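First the structure, in the form of structure tokens, and then the observations on it.
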Amino acid sequence: MPEKTDSSANPSLKGWDPRFEQAVRVGLIVEVHDFPEARKPAYKLTIDFGSAIGKKRSSAQITHHYSKEELLGKLVLAVVNFPPRQIGPFLSEVLTLGVPDEQGQVILVEPDKASAIIGGRLF
């Protein structure tokens, strides 16, 4: 059941519709594959979000900064409640979060401690 947002506790949330809240969770990358069909260089990731959410797939344009080997076992943050998106022949189920570097290449957003709970919600 979705959590409710109490706008009375924070006046800046007045009028905020909680249905549009993004669920950002910590996931563990458990599989990485090349995605040669993608228009821009990308990987196909399988990310484990724990027993409540399970394993989800994501396409990520992160080949500039990351090798497949260094991605395996990495904790990342992803939006898990967006609708799936078809990217060529691949169905991307979550949006893996990143920020651009000076050249516009993606740098992953990740917890800075390995003790972050898989499936843990960003707040």
Side-chain angles (χ1 to χ4, degrees):
M1 179 167 209
E3 294 179 13
K4 301 216 179 218
T5 304
D6 181 7
S7 61
S8 64
N10 185 345
S12 67
L13 294 177
K14 197 159 204 87
W16 171 252
D17 187 339
R19 292 177 296 167
F20 296 107
E21 184 175 322
Q22 297 173 359
V24 177
R25 302 290 181 120
V26 176
L28 177 70
I29 298 175
V30 295
E31 289 182 34
V32 182
H33 299 284
D34 291 321
F35 189 4
E37 304 91 350
R39 280 186 259 154
K40 294 182 180 179
Y43 292 128
K44 295 187 273 188
L45 307 176
T46 301
I47 305 171
D48 185 0
F49 292 97
S51 60
I53 297 170
K55 292 181 182 176
K56 301 290 183 180
R57 296 171 10 132
S58 179
S59 170
Q61 297 174 353
I62 54 176
T63 60
H64 182 79
H65 286 295
Y66 305 95
S67 69
K68 291 186 289 187
E69 295 75 22
E70 69 184 302
L71 288 169
L72 277 176
K74 181 179 279 298
L75 293 174
V76 293
L77 293 175
V79 179
V80 298
N81 66 336
F82 280 167
R85 183 171 176 183
Q86 191 72 43
I87 301 173
F90 185 76
L91 186 65
S92 189
E93 300 171 294
V94 298
L95 175 64
T96 305
L97 297 177
V99 296
D101 68 9
E102 291 177 353
Q103 288 78 42
Q105 301 294 329
V106 179
I107 299 168
L108 290 171
V109 176
E110 57 187 288
D112 70 348
K113 303 284 186 226
S115 59
I117 297 170
I118 294 175
R121 184 170 174 248
L122 177 69
F123 54 85

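If you're wondering where the values come from, they're calculated on a predicted model, not measured in any experiment.
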Just by modelled atom types, is the [Y] backbone N or O under 3.5 Å from a matching donor or acceptor in the [X] side chain?
X: Gln86; Y: Gly88; answer: yes
X: Glu93; Y: Arg57; answer: yes
X: Ser92; Y: Ser59; answer: yes

Indicate whether any N or O donor in one side chain lies under 3.5 Å from an N or O acceptor in the other, for Asp101 and His64.
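Note: Asp101 and His64 side chains miss the donor-acceptor criterion.
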
With hydrophobic residues grouped by side-chain heavy-atom distances under 4.5 Å, do [X] and [Y] end up in a single group?
X: Phe90; Y: Val79; answer: no
X: Ile117; Y: Val24; answer: no
X: Leu108; Y: Val30; answer: yes
X: Val94; Y: Leu91; answer: no
X: Leu122; Y: Ile53; answer: yes

Which atom pair, heavy atoms only, marks the closest approach of Glu110 to Leu75?
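Smallest interatomic distance, heavy atoms only, reads CB-O, 3.1 Å.
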
Which value, rounded to the nearest 0.5 Å, describes the distance between [X] atom [atom1] and [Y] atom [atom2]?
X: Lys74; Y: Glu69; atom1: NZ; atom2: CD; answer: 13.0 Å
X: Leu72; Y: Leu45; atom1: CG; atom2: CG; answer: 9.5 Å
X: Phe49; Y: Lys56; atom1: CZ; atom2: NZ; answer: 9.0 Å
X: Leu77; Y: Arg25; atom1: CG; atom2: CZ; answer: 11.5 Å

side-chain contact (heavy atoms from CB on, under 4.5 Å) partner of Ser58, the single match among Ile29, Val80, Ile47
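Of the listed residues Ile29, Val80, Ile47, the side-chain contact (heavy atoms from CB on, under 4.5 Å) partner of Ser58 is Ile47.
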
Could you tell me whether the side chain of [Y] reaches within less than 4.5 Å of the side chain of [X], counting heavy atoms only?
X: Phe35; Y: Ile87; result: yes
X: Thr63; Y: Asp34; result: no
X: Ile62; Y: Leu71; result: yes

